[in-house]
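Note that the structure is predicted; figures quoted are calculated from it, not measured.
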Amino acid sequence: MKYICLGYLEPGKFENMSESERNTVLDECFSYNDELRKNGHLVADEPLQPANTAVTVGWKNGKVAVNRRSVRGNKGAIGWNSGA
């Protein structure tokens, strides 16, 4: 089975942490990723762009339509892990 796991960071929260707190968070994330990878459960992990760069893609009149306005309600940064 494969799955995608999304991680969410509220804008400003990570930036407002002390360097020590940021390092602790990152160390815990990297350690967990290493464990998942070692056990064959992690295929890839990649950060995504900030939410304010998001677009909505859909169909309009039989063609692809891209809405470049901000996505309502999406106030955070999202990253993903693709697992097996």
Next item on the list: For the pair Asn67 and Val55, evaluate side chain to side chain contact (heavy atoms under 4.5 Å, CB included) and give the outcome as yes or no after the intermediate values.
Entry: CA-CA 6 Å; Asn67 180 350; Val55 298; over 6 Å; no
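- Ser18 meets the side-chain contact (heavy atoms from CB on, under 4.5 Å) test with Ser20, Glu21; sequence neighbours excluded.
- The environment of CD in Glu19 is sparse: at most 12 heavy-atom neighbours from other residues, nucleotides or ligands sit within 6.0 Å.
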Checklist line | Derivation of the side chain to side chain contact (heavy atoms under 4.5 Å, CB included) call for Glu35 and Asn39 | finding: CA-CA 6 Å; Glu35 182 179 332; Asn39 293 324; 3.8 Å; yes
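- Between Val64 and Val57, some side-chain heavy-atom pair lies under the 4.5 Å cut-off.
- To the nearest 0.5 Å, atoms OH (Tyr32) and CZ (Arg37) are separated by 12.5 Å.
- Listed by chain and number, the residues in a salt bridge (Lys or Arg N to Asp or Glu O under 4.0 Å) with Arg22 amount to none (sequence neighbours excluded).
- When all heavy atoms of Asn33 and Leu42 are compared, the pair lying nearest together is O-CD2, 3.4 Å.
- In this structure, the separation between CG on Leu26 and CZ on Phe14 is 4.0 Å, given to the nearest 0.5 Å.
- With rounding to the nearest 0.5 Å, the separation of CG in Asp34 from SG in Cys29 is 11.0 Å.
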